[in-house]
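Values below: every heavy atom of this structure, side chains too, minus hydrogens, waters and symmetry copies.
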Amino acid sequence: MRVELVNTGTELLLGDTVNTNAAWIGQRLAALGIQVARQTIVPDGAVIRVAIAEAAQRSDVVLVSGGLGPTNDDLTRESTAELLSLPMELNDGVMAHLNEYFAKRGKPVSEATKRQAMVPRGAFVLPNPFGTAPGLYFPAALGEMLGWNAHIFLLPGPPRELKPMVENEVEPRLREWLPDGASRRVLYLKVTGVGESDIVEAVEKRLECVPGLDLGYCIRGGDVDVRLAGSQSSVDAGAGIVREAFGDCITSEDRRIIEEVIVQLLTERGEWLATAESCTGGTIASRITDVSGSSRVFGHGWVTYANEAKQQHLGVPAELFEKHGAVSEEVARAMAEGALKQSGADHAVSVTGIAGPTGGTPEKPVGTVWIGLASKNAETWALKRFYPGARDRFKLLTSQAALDILRRRLCGLKLRV
């Protein structure tokens, strides 16, 4: 099955908006055993008609996102209708949805918004409970007079509207259309704390010997996703190789990021976390609180950037700074233990380091960081890491390492030094 994506939006071409929809759809289709054949981005306006026509001529399915709104440059709906010579008709069901949507907000339906209730004859409405613009599905038969055999889906651009529509309306149809035996398994092993080159060196030759196994890597947010695709037996064989080499470094096999894993582990244990951050400026706390349900496991977080703040709020003794400096094992331990005591939490993570580009010394160069972990009824851990480079990369990798130390304790794994 050949599937193409067509994304419309001038903001995508200008770089004002990152096209996260294409990445997300690609991942969803890969899980069905479908690889996106091509992705096209066009500006707002009538050019969308040309892009859809070209994609439909060479594809089985065309997924179009964007251009379904109420403004005069939202022409995806009208352009597709013109392309297929389909008259537009007012859809009572969509109109009722618009009336209800705006009534809840105490507003009337504007004339511009009523455009979204106009549906090309023969197209199926895809409900959009999270917005005003419905999706539309054009069966392949509507394009037969043009020599096509492509199913066309028009989807809203905002991710909060597009994602549920893909999951509830598009994917079930794609599963029906897949030929028997065509589906394959795709598994993502998320490896933390190991570089891509080290993974390649350790397992790639063995993975290449597995018959029918497709292999890929993607560096993402401090992790390396090892993608294994193929039959059930080939994926199982490949996963066994990766688990054997990096078992305790695999944070998830279902695409969850490490903060989601941490929140679930803490929730299952009924335990609480506190954070004490210096060089990361609250990045760890931010990542944890990005996860739904984190309020059940996260109660306290400190950003103690100055030494005085570390003393005042965490009780770090002044003599530790004088003797060892702020970026030291001793201060990291004291920060974690102070946060544990002040918060009453079950675990406390701390970080203190030099993000740069200034502030380093020959003994402690820019990129040096100490990470501490204190837990009730367990020894305090401290770990030194070195992440030279841009400040944002330093903060990301430091927060990743801090979360992984906590994951290891929660899972009963050894500290990886």
*asked:* Just by distance, no angles: are the side chains of Asp236 and Ser233 close enough, under 3.5 Å, to form a donor-acceptor pair?
replied: no
*Step by step, work out the side-chain hydrogen bond (donor to acceptor under 3.5 Å, both in side chains) result for Gln116 and Thr113.*
CA-CA 6 Å; Gln116 297 174 319; Thr113 302; 4.9 Å; no
*Side-chain donor/acceptor of Lys364 to backbone N/O of Val327, under 3.5 Å*: yes
*Lys/Arg-Asp/Glu bridge criterion (N-O < 4.0 Å) met for Lys104, Glu100*: yes
*CZ of Phe102 to NZ of Lys107: how many Å apart, nearest 0.5 Å?*
7.5 Å
*When you look at Val6 and Leu63, which way does the side chain to side chain contact (heavy atoms under 4.5 Å, CB included) test go after all the steps?*
CA-CA 6 Å; Val6 178; Leu63 304 181; over 6 Å; no
*Worked check of side chain to side chain contact (heavy atoms under 4.5 Å, CB included) between Glu4 and Arg58*: CA-CA 9 Å; Glu4 289 198 21; Arg58 57 180 176 247; 2.5 Å; yes
_Testing the 3.5 Å rule here: is there a donor-acceptor pair between the side chains of Tyr217 and Glu204?_
yes
*Side chain of Arg385, backbone of Thr368: donor and acceptor closer than 3.5 Å?*
no
*Given side-chain hydrogen bond (donor to acceptor under 3.5 Å, both in side chains), test Glu268 with Gln264 step by step and report yes or no.*
CA-CA 6 Å; Glu268 291 172 349; Gln264 180 178 337; 2.9 Å; yes
*Side chain of Ser328, backbone of Gly325: donor and acceptor closer than 3.5 Å?*
yes
*asked:* To the closest 0.5 Å, what do you measure between NE2 (His347) and CG (Leu265)?
replied: 9.5 Å
*Any side-chain heavy-atom pair from Glu78 and Arg115 closer than 4.5 angstrom?*
yes
_Arg255 charged N/C atom sitting above Tyr188 aromatic ring, 6.0 Å / 45°_ = yes
*If you look at every heavy atom in Ile288 and Leu403, which pair is closest and at what distance?*
CD1-CD2, 3.8 Å
*asked:* Between Leu29 and Val3, is there a side-chain heavy-atom distance shorter than 4.5 Å?
replied: yes
*Which of parallel (below 30°), tilted (30 to 60°) and perpendicular (above 60°) describes Phe153 and Tyr137?*
parallel
Please tabulate, for side-chain N and O atoms in residues 36-57, each donor-acceptor pair with protein atoms closer than 3.5 Å (sequence neighbours left out).
unit_1 : atom_1 : unit_2 : atom_2 : d
Gln39  : NE2    : Asn7   : OD1    : 3.4
Asp44  : OD2    : Thr10  : N      : 3.2
Asp44  : OD2    : Thr10  : OG1    : 3.4
Arg49  : NH1    : Glu82  : OE1    : 3.4

*Knowing that exactly one of Thr352, Thr283, Val351 qualifies, which makes a side-chain contact (heavy atoms from CB on, under 4.5 Å) with Thr398?*
Val351
*Going by an N to O cut-off under 4.0 Å, is there a salt bridge joining Arg407 and Asp404?*
yes
_Assess whether a salt bridge exists between Glu329 and Arg333, defined as any Lys/Arg side-chain N lying under 4.0 Å from an Asp/Glu carboxylate O._
yes
*Lys/Arg-Asp/Glu bridge criterion (N-O < 4.0 Å) met for Arg408, Asp248*: yes
_Using a strict threshold of under 4.0 Å (side-chain N to carboxylate O), is an ion pair present between Lys190 and Asp225?_
yes
*Does the side chain of His151 reach to within under 4.5 Å of the side chain of Val62, using non-hydrogen atoms?*
no
*asked:* Quick check on the 6.0 Å ring-centre criterion: do His300 and Trp272 meet it?
replied: no
_Side-chain touch Leu126/Pro134, heavy atoms, less than 4.5 angstrom_ = no
*Shortest non-hydrogen contact from Pro127 toward Glu169*: CD-OE2, 3.5 Å
*Interatomic spacing from CG in Leu373 to CD in Glu379 - rounded to 0.5 Å*: 9.5 Å
*Carboxylate-amine/guanidinium contact Lys163 Glu167, below 4.0 Å*: no
*Under a 4.0 Å N-O cut-off, is there an ion pair linking Arg243 with Glu253?*
yes
*Heavy-atom pair of closest approach, residues Pro365 and Phe386*: CG-CE1, 3.8 Å
*Identify the two heavy atoms, one from Asn307 and one from Ala326, that lie closest to each other, and give their separation to 0.1 Å.*
OD1-CB, 3.4 Å
*Is it the case that Arg409 places NZ or CZ above or below the six-membered ring of Trp381, under 6.0 angstrom from the centre and within 45 degrees of the axis?*
yes
*Hey, does the Lys NZ or Arg CZ of Arg105 hover above the aromatic six-ring of Tyr101, less than 6.0 Å from the centre and inside 45° of the axis?*
yes
*Lys/Arg cation over aromatic Tyr387: Arg393, 6.0 Å, 45° cone*: no
*asked:* Could you tell me if the side chain of Asp223 sits less than 4.5 Å from the side chain of Gln400, heavy atoms only?
replied: yes
*asked:* Would you say that Phe246 contacts Val226 through its side chain, given a criterion of any heavy-atom pair below 4.5 Å between the two side chains?
replied: no
*Rounded to the nearest 0.5 Å, what separation is found between the OG1 atom of Thr76 and the CG atom of Leu68?*
5.5 Å
*Met165 side, atom CE; Ser65 side, atom OG - distance, nearest 0.5 Å*: 11.5 Å
*Is Glu271 salt-bridged to Lys376, going by a charged N under 4.0 Å from an acidic O?*
no
_Do Cys249 and Arg416 make a side-chain contact, defined as non-hydrogen atoms from C-beta onward lying under 4.5 Å apart?_
yes
_If you compare all heavy atoms of Ala123 against all heavy atoms of Phe138, which two are closest, and at what distance to 0.1 Å?_
CB-CE2, 3.7 Å
*Is any side-chain N of the basic residue among Glu208 and Arg206 closer than 4.0 Å to the acidic one's carboxylate O?*
no
*Residues Arg287, Ser399; criterion side-chain hydrogen bond (donor to acceptor under 3.5 Å, both in side chains); working and verdict*: CA-CA 8 Å; Arg287 290 180 63 173; Ser399 65; 2.8 Å; yes
*Using only heavy-atom distances, determine whether the side chains of Lys310 and Ser278 contain a donor-acceptor pair under 3.5 Å.*
yes
*Residue pair Ile354 / Val369, side-chain heavy-atom distance below 4.5 Å*: no
*Verdict with supporting geometry, Glu171 and Arg175, salt bridge (Lys or Arg N to Asp or Glu O under 4.0 Å)*: CA-CA 6 Å; Glu171 290 182 10; Arg175 290 191 185 95; 3.5 Å; yes
*For Glu201, does the CD atom have more than 12 heavy-atom neighbours from other residues, nucleotides or ligands under 6.0 Å away?*
no
_Thr251 vs Val191, test: side chain to side chain contact (heavy atoms under 4.5 Å, CB included). Steps then yes/no._
CA-CA 6 Å; Thr251 58; Val191 182; over 6 Å; no
*Please lay out, stage by stage, how Thr289 and Phe298 fare under the test side chain to side chain contact (heavy atoms under 4.5 Å, CB included).*
CA-CA 8 Å; Thr289 55; Phe298 183 75; 3.8 Å; yes
*Indicate the atoms forming the closest heavy-atom contact of Asn21 with Pro159, along with that distance.*
OD1-CG, 3.5 Å
_Polar contact flag, side-chain donor to acceptor under 3.5 angstrom, Asn149-Glu144_ = no
*asked:* Would you compute the distance between atom CG of Leu142 and atom CG of Leu84 and round it to the nearest 0.5 angstrom?
replied: 6.0 Å
